[in-house]
Amino acid sequence: MLQLKVIREEKKRILNGLRKRNWNAAQLKVIDQILKTDDQRKACQKELDDTLAESNRLSKEIGQLMAQGKKDQAEQQRAQVLAMKESIKTLEDRQRTLATELDNLLLSVPNCPHSSVPKGKTPDDNKVYKAWTKPFPELPEDALAHWDLAKKYNLFDLELGVKLTGAGFPVYRGQGARLQRALIQFFLDEAVKAGYEEIIPPHLVNEDSARGTGQLPDKEGQMYHCTVDNLYLIPTAEVPVTNIVRDDIIPEKNLPIKMTAYTPCFRREAGAWGAHVRGLNRVHQFDKVEIVHIEHPDRSYKAHQDMLRHVSRLMAKLELPYRILLLCGGDMGFASAKTFDFEVWSAAQKRWLEVSSVSNFETFQSNRLKSRFRDAEGKIQLTHTLNGSALALARIVAALLENNQTPEGIRIPKALWKYTGFKMIK
RNA sequence: GGAGGGGUGCCAGAGUGGUUGAAUGGAGCGGUCUUGAAAACCGCCGUACUCGUAAGGGUACCGGGGGUUCGAAUCCCUCCCCCUCCGCCA
């Protein structure tokens, strides 16, 4: 969530940013409401603190009076403090109500887009940041979509997944399973080479963690919830990995913290079914290697570019046609200040598929996480957090299978040979 | 799952109802001394909110929440976590 201090001091910038997210005048009123509520909260807090200070002072004196044997006076002050209790309780209740109200208001405001983020309402307004200029793979007329290729070569089985679990839980097998494992290994190795620390986090997180990265309270319905233990299946490794620095004050010299993790990702995605979500295009469980940065605010946009380069390199090594989009204000995620999407060309479906989203959240997440660092002057500041997929497997597999199909079988890009142990799927 | 013990500041570790935001030691930072270093000595060394131009002040926080009391790190309830023993088990 946005910092109150920033809303107060840079109100104009925030309002302009929210307009980029297509907020209308009525919606923008929330900002003034936040400031007003905060004023009320402060006034109430002050009154409470003053009352408590008085009550504390009197109570302390009672101890001294007792020690001096002045019993009557002690008794008199005791009555005095007792009388204050009711107003303290009233003030506390009011203070709590205002604080909750303020918190809810703050929670409803998305991150302020970076100045370089274009205006726009829908995905059509996203800017092509880096286009694919080379030719697309030429496929014969009878080229198969990946779900048909999967049947032909026995690579994964969605119907079997239905039997075991339900729709959207693919069962990978044979060379399909091996390819899956090869990609994970490849992505992790590349990330480690690029200086990321490898993490194997828990695949279930508690409420605090889900709140830390902003899945709660908003996107509750998108996560699988184990109610008996009140734990959530992670929708992305971002959740456990970013929460590693929750409530921490990091020495400046330890920044940046770069971490990578492979995890399965679980998404309920209720009600999002349609013709374009066949096969691996949208599933409830998929594998992903995530990269996460905890950065100094001065360097976060440079890091953002570094992440872009890292993902580009992966795409190039996999020999996949891709493009990079700079998301417009209307299409950006709630918590993000700036997001680039990577899309891979799926030659048989003749569609772009989103395979990575690389975002800078600035202090939006750290504010909630309380992820801070101590700067050179010893002052405590919020860190910037960033993350990106590097990469999401299911759709990469879809594109890989479709683009590389030949009459002899499916060609495996050279970079994967040492991981798959085979050069062709037959 | 059963029985017992415990959760205090960066770490170790006192504190069991009053002037304790918290003894003491260590680490860290600054200084004196020294050719330099070490040792010794002196000082500083929590977070959040808030009032104030500042100096400085106020409030909250000793695992989380609630309660008793004029007053709680200290007493009570409850939840969480850790350790030891037993049971079960990949």
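Order of the sequence lines sets the chain letters (A, B, ...), proteins ahead of strands, with each chain counted from 1.
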S.K.: Counting only heavy atoms not in A:Ile200, do more than 12 sit closer than 6.0 Å to its CD1 atom?
M.R.: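 No, CD1 of A:Ile200 has 12 or fewer neighbouring heavy atoms, counting only those of other groups under 6.0 Å.
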
S.K.: Does any nucleotide pair with B:A72 by Watson-Crick or G-U wobble geometry, both distances under 3.5 Å, and what is it?
M.R.: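 In the structure as shown, B:A72 has no Watson-Crick or wobble partner.
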
S.K.: Is A:Arg57 touching bases, backbone alone, or none of the nucleic acid, heavy atoms closer than 4.0 Å?
M.R.: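 The answer is nothing, as A:Arg57 stays clear of every strand by at least 4.0 Å.
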
S.K.: Rounded to whole angstrom units, what separation is found between the NZ atom of A:Lys253 and the C1' atom of B:C10?
M.R.: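 So the two atoms are 12 Å apart, to the nearest Å.
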
S.K.: How is A:Met66 classified with respect to the nucleic acid when contacts are heavy atoms under 4.0 Å: base, sugar-phosphate, or nothing?
M.R.: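 Counting heavy atoms under 4.0 Å across all strands, the contact made by A:Met66 includes a base.
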
S.K.: Sticking with atom P, work out how far B:G15 lies from B:C85, rounded to a whole angstrom.
M.R.: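 Here B:G15 and B:C85 have their P atoms 26 Å from each other.
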
S.K.: Between B:U16 and B:A73, how far is it from one C1' atom to the other, in whole Å?
M.R.: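 Nearest-Å result for B:U16 against B:A73 at atom C1': 9 Å.
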
S.K.: Do A:Asn16 and A:Arg13 meet the criterion of a side-chain donor-acceptor pair at a distance under 3.5 Å?
M.R.: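 No, no side-chain donor-acceptor contact under 3.5 Å.
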
S.K.: Expressed in whole Å, how much space separates the P atoms belonging to B:G2 and B:U78?
M.R.: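 Result for the P pair: 15 Å, nearest Å.
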
S.K.: Roughly how many Å apart are B:G63 and B:G6, using the P atom of each and rounding to a whole number?
M.R.: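 These two P atoms come out 14 Å apart once rounded.
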
S.K.: Given B:U19, B:U47, B:G58, which nucleotide is nearest the side-chain atoms of A:Asp50?
M.R.: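 Output: B:G58.
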
S.K.: Roughly, in whole Å, what's the span from CZ in A:Arg96 to P in B:G65?
M.R.: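 Computing the A:Arg96:CZ to B:G65:P distance gives 11 Å.
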
S.K.: Given the side-chain rings of A:Phe340 and A:His304, with only the six-membered ring counted for Trp, is the space between their centroids under 6.0 Å?
M.R.: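 That pair passes the under 6.0 Å test.
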
S.K.: Would you say A:Asp93 and A:Thr90 are linked by a side-chain donor-acceptor pair, where the criterion is simply a distance under 3.5 Å?
M.R.: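 No, no side-chain donor-acceptor contact under 3.5 Å.
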
S.K.: With a 4.0 Å limit, can you tell me whether A:Arg372 has a side-chain N or O closer than that to the phosphate oxygens OP1/OP2 of B:A48?
M.R.: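 It does, given that an N or O in the side chain of A:Arg372 lies less than 4.0 Å from OP1 or OP2 of B:A48.
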
S.K.: What is the distance, rounded to the nearest whole Å, between atom NZ of A:Lys85 and atom P of B:G67?
M.R.: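 After rounding, the gap between these two atoms is 10 Å.
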
S.K.: Is atom CG of A:Asp72 surrounded by more than 12 heavy atoms (other residues, nucleotides or ligands) closer than 6.0 Å?
M.R.: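 Open.
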
S.K.: Of all the choices, B:U50, B:G58, B:G71, which nucleotide is nearest to the side chain of A:Ser59 once you look at every atom?
M.R.: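 Of the candidates, B:G71 comes closest.
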
S.K.: According to the Watson-Crick and G-U wobble definitions, with both distances under 3.5 Å, which nucleotide is paired to B:A14?
M.R.: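 When the pairing criteria are applied, nothing turns out to pair with B:A14, so the answer is none.
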
S.K.: Please classify the nucleic acid contact of A:Ile380 as base, sugar-phosphate, or nothing, using heavy-atom distances under 4.0 Å.
M.R.: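 Here A:Ile380 touches the backbone only, sparing every base.
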
S.K.: Is the phosphate of B:U59, meaning OP1 or OP2, less than 4.0 Å from a side-chain N or O of A:Asn56?
M.R.: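 Indeed, a polar side-chain atom of A:Asn56 lies that close.
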
S.K.: Quick check: on RNA chain B, is the nucleotide nearest A:Lys370 upstream (toward 5') of the one nearest A:Val81, or the reverse? Name the residue that is more 5'.
M.R.: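 The residue closer to the strand's 5' end, by nearest nucleotide, is A:Lys370.
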
S.K.: Select base, sugar-phosphate, or nothing to describe what A:Gln77 touches, counting heavy atoms under 4.0 Å on all strands.
M.R.: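 Answer is nothing: A:Gln77 stays at 4.0 Å or more from every strand.
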
S.K.: Determine whether a donor-acceptor pair (N or O, by modelled atom type, separation under 3.5 Å) exists between the side chain of A:Lys338 and the backbone of A:Glu362.
M.R.: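 Answer holds: no.
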
S.K.: Using purine N1 to pyrimidine N3 plus N6-O4 or O6-N4 for Watson-Crick, or N1-O2 and O6-N3 for G-U wobble, both under 3.5 Å, which nucleotide pairs with B:C61?
M.R.: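 Result: B:G46.
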
S.K.: Name the orientation class of the two ring planes belonging to A:Phe373 and A:His296 (parallel below 30°, tilted from 30 to 60°, perpendicular beyond 60°).
M.R.: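 A:Phe373 and A:His296: tilted rings.
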
S.K.: Which one is paired to B:G1, where only Watson-Crick or G-U wobble pairs with both distances under 3.5 angstrom count?
M.R.: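 Pairing partner, where one exists within any strand: B:C86.
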
S.K.: To the nearest Å, how far apart are A:Arg41 CZ and B:A48 P?
M.R.: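 Checked: the CZ to P distance equals 14 Å.
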
S.K.: Please give the distance between the C1' atoms of B:U68 and B:C82 as a whole number of Å.
M.R.: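 Each nucleotide's C1' atom is 28 Å from the other's.
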
S.K.: Parallel under 30°, tilted from 30 to 60°, perpendicular over 60°: which one fits the rings of A:Phe342 and A:Tyr322?
M.R.: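 The rings of A:Phe342 and A:Tyr322 lie parallel, inter-plane angle below 30°.
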
S.K.: For B:G36, which nucleotide in any strand shown is its Watson-Crick or wobble partner with both distances under 3.5 Å?
M.R.: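 Pairing partner, where one exists within any strand: none, as none qualifies.
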
S.K.: Please check the phosphate of B:A60 (OP1 and OP2 only) for any side-chain N or O of A:Lys46 closer than 4.0 Å.
M.R.: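 Answer no for this pair, as no side-chain N or O of A:Lys46 is under 4.0 Å from OP1 or OP2.
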
S.K.: Determine the contact category for A:Ile62: base if any of its heavy atoms lies under 4.0 Å from a base atom, sugar-phosphate if only primed atoms, P, OP1 or OP2 are that close, otherwise nothing.
M.R.: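 A:Ile62: base contact, heavy atoms under 4.0 Å.
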
S.K.: Write down the distance between CD (A:Gln80) and P (B:C70), rounded to a whole number of angstrom.
M.R.: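 To the nearest whole Å, that distance equals 14 Å.
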
S.K.: How far does the P atom of B:G28 sit from the matching atom of B:U69, given to the nearest Å?
M.R.: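 Looking at atom P only, B:G28 and B:U69 are 48 Å apart.
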
S.K.: Provide the distance between the two C1' atoms, one in B:G56 and one in B:C42, to the nearest whole Å.
M.R.: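 Between the two C1' atoms, the distance is 25 Å.
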
S.K.: Which whole number of Å gives the distance between the P atom of B:G7 and that of B:G64?
M.R.: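 Those two atoms are separated by 13 Å.
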
S.K.: Tell me: CZ of A:Arg78 to C1' of B:U68, nearest whole Å?
M.R.: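 Result: 13 Å.
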
S.K.: Can you tell me the distance, in whole Å, between the CD atom of A:Glu47 and the C1' atom of B:C49?
M.R.: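 These atoms are roughly 16 Å apart.
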
S.K.: Is A:Arg374 near enough to B:G28 that one of its side-chain N or O atoms lies under 4.0 angstrom from OP1 or OP2?
M.R.: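 Answer no for this pair, as no side-chain N or O of A:Arg374 is under 4.0 Å from OP1 or OP2.
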
S.K.: Please report, rounded to the nearest Å, how far the P atom of B:C45 is from the NZ atom of A:Lys379.
M.R.: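 So the two atoms are 19 Å apart, to the nearest Å.
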
S.K.: From the options B:U59, B:U69, B:U50, select the nucleotide whose nearest atom is closest to the side chain of A:Lys42.
M.R.: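 The closest nucleotide is B:U50.
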
